[in-house]
Visitor: 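What follows is a structure written as structure tokens; I'll ask about it next.
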Amino acid sequence: GVAVRTQKVAGTLQALLGGYELYHYHSKLMMKEAEIGGAHIWHQDYGYWYQNECLTPDMGSVFLPVDKCTTQNSCLQVLVGSHKLGRIEHYHMGDQSGADPHRVELAKQKCDHVHVEMEPGDALFFHSNLLHTSDQNKSQLRRWVLISSYNQARNCPTKKHHHADYHPLDMLPNSALSECVKMNSSLPKDFMDPKDDHSARSLKKIEEKI
């Protein structure tokens, strides 16, 4: 889409990751409906992407709220600066997968735990090793968020998987969004069933931790 290719979005993340060429890795619409939206345990995105043979964590995401995000409707929570801790081992735990709970508790002793309240039109840029979580949405307010993720061209994964290999990102000026009149994209897209996401499914169960 247009929004995720603008200088303000893709260009800003590219600069934050050192200025090396980025390509669009994938996007997803996180739809936490009112009163039923589920929780996500503490994790790093690179905890999963490492399984895809992206060899370095030179990757990141942009979190773009469609709805207002507050503590009431389960806004994102982060451990500030936790990306500097490096990749933490991830495991299956119940019906989810996430970061080693012991390491998360140690990280909480070093890093500020922040609830990131946001308005539609805001953006949060974060490194693939940032620890983050969100609670169940028990409010009467839905919480929809678009998350677009990017990888450095020089970090193209070494194996084929359910996310994209390197392809040039046609970065657009910021004005392209307000000038866009097409509601349907002219670019080819692949859509993935979450059941086909093998990144998390390839992790060991926490009971198998050595």
Side-chain angles (χ1 to χ4, degrees), residues 1-30 40-64 76 78-92 96-100 103-104 107 111 116 123-133 145-174 185 187-194 196-204:
V2 172
V4 301
R5 291 189 288 135
T6 59
Q7 287 284 344
K8 187 173 287 189
V9 175
T12 298
L13 185 63
Q14 182 167 286
L16 289 171
L17 290 176
Y20 297 97
E21 180 188 2
L22 293 185
Y23 73 93
H24 179 245
Y25 193 46
H26 70 86
S27 291
K28 57 186 175 182
L29 183 64
M30 300 293 289
H40 294 275
I41 60 178
W42 285 103
H43 66 279
Q44 302 166 312
D45 292 337
Y46 190 59
Y48 310 130
W49 298 341
Y50 177 83
Q51 307 300 319
N52 301 337
E53 295 186 8
C54 298
L55 297 183
T56 75
D58 297 312
M59 312 171 74
S61 297
V62 187
F63 186 98
L64 300 164
L76 194 71
V78 305
L79 294 183
V80 178
S82 58
H83 64 290
K84 297 179 181 179
L85 303 177
R87 181 181 66 87
I88 295 171
E89 289 295 337
H90 282 56
Y91 301 95
H92 274 301
Q96 293 194 43
S97 54
D100 182 339
R103 285 283 179 171
V104 171
C111 305
V116 187
L124 175 68
F125 298 81
F126 61 95
H127 190 273
S128 65
N129 270 337
L130 182 75
L131 282 164
H132 56 287
T133 187
V145 173
L146 176 66
I147 303 176
S148 284
S149 301
Y150 304 81
N151 189 13
Q152 289 186 347
R154 62 179 185 167
N155 191 38
C156 185
T158 61
K159 74 174 183 181
K160 293 285 186 181
H161 61 285
H162 52 279
H163 293 322
D165 288 339
Y166 169 74
H167 54 285
L169 173 64
D170 181 19
M171 208 171 295
L172 301 172
N174 296 326
S185 176
L187 297 175
K189 290 180 174 60
D190 290 324
F191 292 88
M192 186 195 76
D193 187 324
D196 296 328
D197 185 345
H198 300 292
S199 305
R201 287 165 54 189
S202 64
L203 295 167
K204 293 181 180 180

Visitor: Do Arg5 and His24 pass the side chain to side chain contact (heavy atoms under 4.5 Å, CB included) test, and can you show the C-alpha distance, the side-chain angles, and the key distance before you say yes or no?
Guide: CA-CA 8 Å; Arg5 291 189 288 135; His24 179 245; over 6 Å; no

Visitor: Identify the two heavy atoms, one from Gln152 and one from Leu22, that lie closest to each other, and give their separation to 0.1 Å.
Guide: CG-CD2, 3.7 Å

Visitor: Which atom pair, heavy atoms only, marks the closest approach of Ile88 to Gln44?
Guide: N-OE1, 2.8 Å

Visitor: Working to the nearest 0.5 angstrom, can you tell me the gap between Arg87 CZ and Ser128 OG?
Guide: 11.0 Å

Visitor: Taking side chain as C-beta onward, heavy atoms only, is Leu17 less than 4.5 Å from Asp58?
Guide: no

Visitor: Take Val62 and Val4, measure what side chain to side chain contact (heavy atoms under 4.5 Å, CB included) needs, and give me the verdict at the end.
Guide: CA-CA 9 Å; Val62 187; Val4 301; over 6 Å; no

Visitor: Enter the distance from Glu53:CD to His161:NE2 here, rounded to the nearest 0.5 Å.
Guide: 9.5 Å

Visitor: Between Asn151 and Met59, what is the shortest heavy-atom contact and its length?
Guide: OD1-CG, 3.2 Å

Visitor: Could you verify whether a donor N or O on one side chain and an acceptor N or O on the other, from Gln14 and Tyr150, lie under 3.5 Å apart?
Guide: no

Visitor: Shortest non-hydrogen contact from Val104 to Leu131?
Guide: CG2-CD2, 4.3 Å

Visitor: Would you give the length of the straight line joining atom NE2 of His163 to atom SG of Cys54, rounded to the nearest 0.5 angstrom?
Guide: 8.5 Å

Visitor: Crowded around Lys160 NZ? As in, over 12 foreign heavy atoms under 6.0 Å?
Guide: no

Visitor: Please check: side-chain N/O of Lys159 versus main-chain N/O of Gln51, any donor-acceptor pairing under 3.5 Å?
Guide: yes

Visitor: Donor-acceptor check, side chain of Asp100 to backbone of Glu89, threshold 3.5 angstrom: yes or no?
Guide: no

Visitor: What verdict does the side chain to side chain contact (heavy atoms under 4.5 Å, CB included) test give for His43 and Gln96, after you've listed the backbone C-alpha separation in whole Å, the side-chain angles of each residue and the deciding distance to 0.1 Å?
Guide: CA-CA 10 Å; His43 66 279; Gln96 293 194 43; over 6 Å; no

Visitor: Roughly how far, to the nearest 0.5 Å, is the NZ atom of Lys84 from the CG atom of Asn129?
Guide: 13.0 Å

Visitor: Taking all atoms of both residues into account, what is the closest heavy-atom pair of Gly81 and Cys111, and its distance?
Guide: C-SG, 4.2 Å

Visitor: Is there a donor-acceptor contact under 3.5 Å linking the side chains of Asp45 and Tyr25?
Guide: no

Visitor: At what distance, to the nearest 0.5 angstrom, does CZ of Arg154 lie from CD of Glu21?
Guide: 11.0 Å

Visitor: Look at the rings of His83 and His127 and say which category their plane angle falls in: under 30° parallel, 30 to 60° tilted, over 60° perpendicular.
Guide: tilted

Visitor: Apply side chain to side chain contact (heavy atoms under 4.5 Å, CB included) to Ser148 and Val9, showing your working.
Guide: CA-CA 9 Å; Ser148 284; Val9 175; 5.6 Å; no

Visitor: For His40, does its backbone N or O pair with a side-chain atom of Thr133 as donor and acceptor, under 3.5 Å?
Guide: yes

Visitor: Taking ring-ring contact (aromatic ring centres under 6.0 Å, His included) as the criterion, tell me which of Trp42, Tyr46, Tyr48 meets it with His90.
Guide: Tyr48

Visitor: If the plane angle is over 60° it's perpendicular, under 30° parallel, otherwise tilted; pick one for Phe126 and Phe63.
Guide: tilted

Visitor: For Ala164 and Pro157, work out which heavy atoms get closest and say how close.
Guide: O-CG, 4.4 Å

Visitor: Is there a side-chain contact between Arg103 and Leu85, using heavy atoms and a 4.5 Å cut-off?
Guide: no

